[in-house]
Amino acid sequence: MAIEYVSALILPGLLVLLFTRVTYNRLIALALTVGLIAASVYKGYTNTFPLIVVDAFSLTAGFWLAAKMKTRVFTRT
């Protein structure tokens, strides 16, 4: 049970960062990650409300880090 919460805390944020680097657009990255989480909820892998809240927190943190990463990358060039 604890592994689900640790994974929910880390993986969605990392997915947002990965998809941001691949697509160069953080909104598309967020939409792709939300789609993956929605598919996992539909399949029954994410079955409790607190787990969905932790996923949402991680998505928010990943989106914020993607915005910080984007501004830092563009200021270096």
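With sequence neighbours left out, Leu32 forms a side chain to side chain contact (heavy atoms under 4.5 Å, CB included) with Phe19, Thr23, Ile28. Here Thr46 pairs with Ser40, Val41, Leu51, Ile52, Asp55 under the side chain to side chain contact (heavy atoms under 4.5 Å, CB included) rule; sequence neighbours left out. Residues that satisfy the side chain to side chain contact (heavy atoms under 4.5 Å, CB included) test with Leu9, not counting sequence neighbours, are Val54, Phe57.
Residues Thr20 and Met69 come closest through the heavy atom pair CG2-CE, 4.0 Å. Nearest heavy-atom pair, Ser58 versus Gly13, reported as atom, atom and distance to 0.1 Å: OG-N, 2.9 Å. Across all non-hydrogen atoms, the minimal contact from Pro12 to Ser7 is CD-O, 3.5 Å. Taking each heavy atom of Ala66 and Leu17 in turn, the nearest pair found is N-CD2, 3.6 Å.
Tyr45 OH: 12 or fewer foreign heavy atoms inside a 6.0 Å radius.
In this structure the side chain of Leu27 reaches within 4.5 angstrom of the side chain of Phe63, judged on heavy atoms.
Here side-chain hydrogen bond (donor to acceptor under 3.5 Å, both in side chains) pairs that include residues 8-18, with residues two or more places apart or in two chains, number zero.
Atom-to-atom distance recorded for Leu36:CG and Leu11:CG is 11.0 Å, nearest 0.5 angstrom.
When the side chains of ILVMFWY residues are joined at heavy-atom separations under 4.5 Å, either directly or via intervening members, Val16 and Val34 end up in a single hydrophobic cluster.
Through direct or relayed side-chain contacts under 4.5 Å between Ile, Leu, Val, Met, Phe, Trp and Tyr, Phe49 connects to Val53.
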